[in-house]
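Please read the structure below before turning to the comments.
We count ligands from 1, going down the list as the structure has it; atoms in each ligand are counted the same way. These numbers were taken from a predicted model, which means no experiment stands behind them. The residues of the chain are indexed from 1 along the displayed sequence. Scope of the values below: all heavy atoms of this structure, side chains included, with no hydrogens, waters or symmetry mates.
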Amino acid sequence: MTTAPRRALVRAPSPRLAQGLLTHLDRVPVDAELAVRQWSDYTRALTEAGWDTVEVPAAPECPDGVFVEDTVVMIGGTAVITSPGADERKPETMGTSVTVRALGYPTATLDAGTLDGGDVLKIGRTVYVGRTLRTSAEGIASLRRICEPLGHRVVAVPTTKVLHLKSAVTALPDGTVIGYEPLVDDPGFWPHFRPMPEEGGSHVVDLGEGRLLMAASAPRSAELIADLGFTPIPVDISEFEKLEGCVTCLSVRVRHAPDGES
Ligand SMILES: NC(=O)NCCC[C@H](N)C(=O)O
């Protein structure tokens, strides 16, 4: 029995980060050197929590390349290479595809439509997908055709107030969905929804054993998370937040052995 790996795909920030796409935020100055330091701190938090980081080849020509989450969705031991909704970001999937294949993962691609990985929230074997400016109905239907034979159910979630579904909500290890209500289209959609006091408190990365990586910009949310019996691990990602990024965007956790591996 192959033990499940604890690997996290990451990609170094481009020196052109400040030119990244913006949809809901006004552009403000970005400190590229601070961004590199923050990214190093972020990846160190992953490794200190027992995750082996695997670097996707750098893409200096892609300002948003650091947001590697958008290029692939892991469905068990299959890597679904996305079709980013923004044309400028489509070249980013090449390096991710090479990396996951080199790790031995079978890959699948969407046969229609567009989809960003930031729109995909997995809770158990349910795959919630934001229907957003970046993820089309055809992309959702295409992902559904991939997921259902793999035993996963795809549920579409219309999302209009933020860039991606996981810009609005993410899930705690116990299945509770957390989000900053003013930016959640329909909090009542989620059976177990807990409102967070800050926008930056809507996003956690489950590092295992109750440890949750989250943005340092949400201290009151971190207190609430700790009061629920989890261990918040705050990291400062201010330069990435300026580009509508959050803690989930900067990595892809690979938690299952490749499908087909004995
Ligand atoms: N998964 C994510 O939320 N990714 C953030 C992407 C931000 C980037 N500036 C973009 O607009 O595509």
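Protein heavy atom in closest approach to atom 4 (N) of ligand 1: Asp70 OD2, 2.8 Å. In this structure, the protein non-hydrogen atom closest to atom 8 (C) of ligand 1 is Asp64 OD1, 3.3 Å. Nearest non-hydrogen protein atom to atom 7 (C) of ligand 1 is Leu243 O, 3.2 Å.
Leu115 belongs to a hydrophobic cluster with Val73, Ile75, Val80, Leu110, Val120, Val127, Val129, Ile140, Leu143, Ile146, Leu150, Val154, counting contacts under 4.5 Å between side-chain heavy atoms of Ile, Leu, Val, Met, Phe, Trp and Tyr, direct or through other members.
Closest to atom 12 (O) of ligand 1 by heavy atom, among Glu241, Glu92, Arg134, Gln19, is Arg134. When Gly118, Cys246, Cys249 are ranked by how near their heavy atoms come to atom 2 (C) of ligand 1, first place goes to Cys249.
Test Leu224, Val184, Val169 against Met196 for side-chain contact (heavy atoms from CB on, under 4.5 Å) and you get one pass: Leu224. A side-chain contact (heavy atoms from CB on, under 4.5 Å) with Leu213 holds for exactly one of Val204, Leu207, Asp206; it is Leu207.
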Tell me, with the steps shown, if Val36 and Glu33 meet side chain to side chain contact (heavy atoms under 4.5 Å, CB included). CA-CA 5 Å; Val36 172; Glu33 289 178 10; 5.8 Å; no

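In the vicinity of Leu163, heavy-atom distances shorter than 4.0 Å reach the ligand 1 atoms 6 (C), 7 (C), 10 (C), 11 (O). Close approach to Glu69 involves these atoms of ligand 1, each under 4.0 Å from a residue heavy atom: 1 (N), 2 (C).
Residue Glu244 places a heavy atom less than 4.0 Å from ligand 1. Distances from ligand 1 to the non-hydrogen atoms of Thr23 include no value under 4.0 Å.
Using modelled atom types, one finds no donor on one side chain facing an acceptor on the other under 3.5 Å when comparing Glu198 with Ser217.
Only side-chain heavy atoms of Arg89 come within less than 4.0 Å of ligand 1; its backbone N, CA, C and O stay farther off.
Not a single salt bridge (Lys or Arg N to Asp or Glu O under 4.0 Å) links Asp64 to another residue, sequence neighbours left out.
Ile237 and Leu34 fall into different hydrophobic clusters, where Ile, Leu, Val, Met, Phe, Trp and Tyr are joined by side-chain heavy atoms under 4.5 Å apart, directly or via other members.
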